[in-house]
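For reference, positions follow the sequence shown, starting with 1. Every number for a ligand or one of its atoms is a count from 1 in the order of the listing. Since we're looking at a predicted model, the values are computed, not measured.
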Amino acid sequence: MIPKNHPRYQSLVLRDKVKNAFMEGYLADTGMIAHGRGETFDYLIGEKTVDSAYNAIEAAVATILLAKHPVLSVNGNTTALALDEMIELANETDSPIEINLFYRTDDRVDKISQLFKDHGYNNILGSNTDDLYYFDKIKNPRATASKKGIYIADVILVPLEDGDRAELLKTAGKKIICIDLNPLSRTSQMSDISIVDNVVRAIPLMTKIAREFKNKDEVFLQNIIDNFNNEDNLKESLNSFKIMKL
Ligand code: PTJ
């Protein structure tokens, strides 16, 4: 039981969710290491959505709303930290959710599929019963893509993605939007839009902005995309890190 008056309460709650997800068997063991790394970066940006992340989120939402086949990818960590929030974003942007695991096992996929069902989302893609394609044609479990989802997607949101998979998707011609607290990660560096923020803040904010942007016309949305430059934005993100100012 975490005392509510603990100065690091929110951070401890997230840590607890990650630990419980591991105990329940759907979070990869290294997912806990990834979370620790994320915590450090989050601490350094003041555990808030910085301006550059806000701008990336606007560009990301505009891109998803203009996409033909957007897909929201989920892994163990995103499920542990932002399951309901991901469902809300999917509903708001009419985008399917697909399970996309770096350390794919049938057991983890079944558990994540069941969790989404339990939370009212019944048509998750990438499950063990889905018609899966393998990007590298060698049935590498890291290369799965649902024929109704990632395989035909033009835009994919990948929160917390490993660099290898991001590269695989990029090579397959997809536009990649990542949420990654590390602006220097391979995923952040190779994505088309990199949101340097915590998934627990970024995903609900994306839903809020999607609600607003749905009433805007294509010219408005395209303008936001055209005025966004990922390289410049990543530099701005780096400047938000307190350590850079010591
Ligand atoms: O569930 P699986 O099998 O798909 O595995 C998921 C992990 C995360 C284990 C896998 O994709 C992996 O190994 O990822 P990496 O290479 O450790 O990258 C994770 C990135 O996410 C790192 O750059 C972290 O800083 C960042 N990160 C960690 N927690 C968060 C985060 N970014 C945003 N929000 C977070 N809460």
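- For residues 185-224, the ring-ring contact (aromatic ring centres under 6.0 Å, His included) pairs, not counting sequence neighbours, are Phe213-Phe220.
- No donor-acceptor contact under 3.5 angstrom links the side chains of Gln114 and Asp110, judged on distance only.
- Judged by distance alone, the side chains of Ser194 and Asn230 do bring a donor and an acceptor atom under 3.5 Å apart.
- Considering all non-hydrogen atoms of both residues, Asp197 and Ala53 come closest at CB-CB, 4.1 Å.
- Between Phe116 and Tyr121, the two ring planes are perpendicular [angle over 60°; tilted spans 30° to 60°].
- Taking every heavy atom of Asp197 and a limit of under 4.0 angstrom, the matching atoms of ligand 1 come to 33 (C), 34 (N).
- Close approach of ligand 1 to Gly31 is summarised as follows: ligand atoms under 4.0 Å from at least one heavy atom of the residue are 9 (C).
- In this structure, Arg108 has a heavy atom closer than 4.0 Å to ligand 1.
- Side-chain atoms of Asn100 and Arg165 form a donor-acceptor pair, as typed in the model, at a separation below 3.5 Å.
- Of all the atoms in ligand 1, the ones that sit under 4.0 Å from a non-hydrogen atom of Gly76 are 1 (O).
- Residue pairs that meet the ring-ring contact (aromatic ring centres under 6.0 Å, His included) test with at least one member in residues 4-33, sequence neighbours left out, do not exist here.
- For ligand 1, the polar-atom distance check finds no N/O of Thr30 at less than 3.5 Å from any of the ligand's N/O atoms.
- Close N/O approach between Ala28 and ligand 1 is not found [any backbone or side-chain N/O within under 3.5 Å].
- Of all protein heavy atoms, the one closest to atom 21 (O) of ligand 1 is Leu160 CD2, 3.3 Å.
- The nearest protein atom to atom 18 (O) of ligand 1, hydrogens excluded, is given as Glu161 O, 4.0 Å; this is a heavy-atom distance.
- At under 3.5 Å, a nitrogen or oxygen of Val199, whether backbone or side chain, sits near a nitrogen or oxygen of ligand 1.
- Residue contact check: Gly38 has heavy atoms under 4.0 Å from atoms 25 (O), 27 (N), 28 (C), 29 (N) of ligand 1.
- For atom 4 (O) of ligand 1, the nearest protein heavy atom (residue, atom name, distance) is Phe102 N, 2.7 Å.
- Within ligand 1, counting atoms from 1 as listed, the ones closer than 4.0 Å to a heavy atom of Leu81 are 36 (N).
- Atom CZ of Arg186 has more than 12 neighbouring heavy atoms from other residues, nucleotides or ligands inside a 6.0 Å radius.
- On a distance-only criterion, Leu181 and ligand 1 share at least one N/O pair closer than 3.5 Å.
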Q.
Go through it in stages, so that I can follow the logic: the residues are Asn75 and Phe102, the test is side-chain contact (heavy atoms from CB on, under 4.5 Å), and I'd like the CA-CA distance, side-chain angles, deciding distance and then a yes or no.
A. CA-CA 8 Å; Asn75 60 10; Phe102 184 63; over 6 Å; no

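- No donor-acceptor distance shorter than 3.5 angstrom exists from the side chain of Glu88 to the backbone of Thr207, with no hydrogens or angles considered.
- Residue contacts with ligand 1: Asn77 is placed with no nitrogen or oxygen under 3.5 Å of a nitrogen or oxygen of the ligand (distance criterion only).
- In the model, Asp226 has a side-chain atom that pairs as donor or acceptor with a side-chain atom of Gln222 under 3.5 Å.
- Considering backbone and side-chain N/O atoms, Ser185 never comes within less than 3.5 Å of an N/O atom of ligand 1.
- Without hydrogens or angle criteria, Thr93 side chain to Leu89 main chain gives a donor-acceptor distance under 3.5 Å.
- Of all the atoms in ligand 1, the ones that sit under 4.0 Å from a non-hydrogen atom of Phe41 are 25 (O).
- Put simply, no part of Leu27 is less than 4.0 Å from ligand 1, judged by heavy atoms.
- Taking every non-hydrogen atom of Asn182 and a distance limit under 4.0 Å, the qualifying atoms of ligand 1 come out as 23 (O), 25 (O).
- Distance alone, capped at 3.5 Å, places no donor-acceptor pair between the Ser95 side chain and the Leu72 backbone.
- When only interatomic distances are considered, the shortest N/O to N/O separation between Arg37 and ligand 1 falls below 3.5 Å.
- Numbered from 1 in the order shown, with element, the atoms of ligand 1 that lie under 4.0 Å from a heavy atom of Ala34 read 8 (C), 17 (O), 24 (C), 28 (C), 29 (N).
- In terms of polar-atom proximity, His35 is not counted as a contact of ligand 1, lacking any N or O under 3.5 Å from an N or O of the ligand.
- Ranking the protein heavy atoms by distance from atom 5 (O) of ligand 1 puts Tyr103 CD1, 3.8 Å first.
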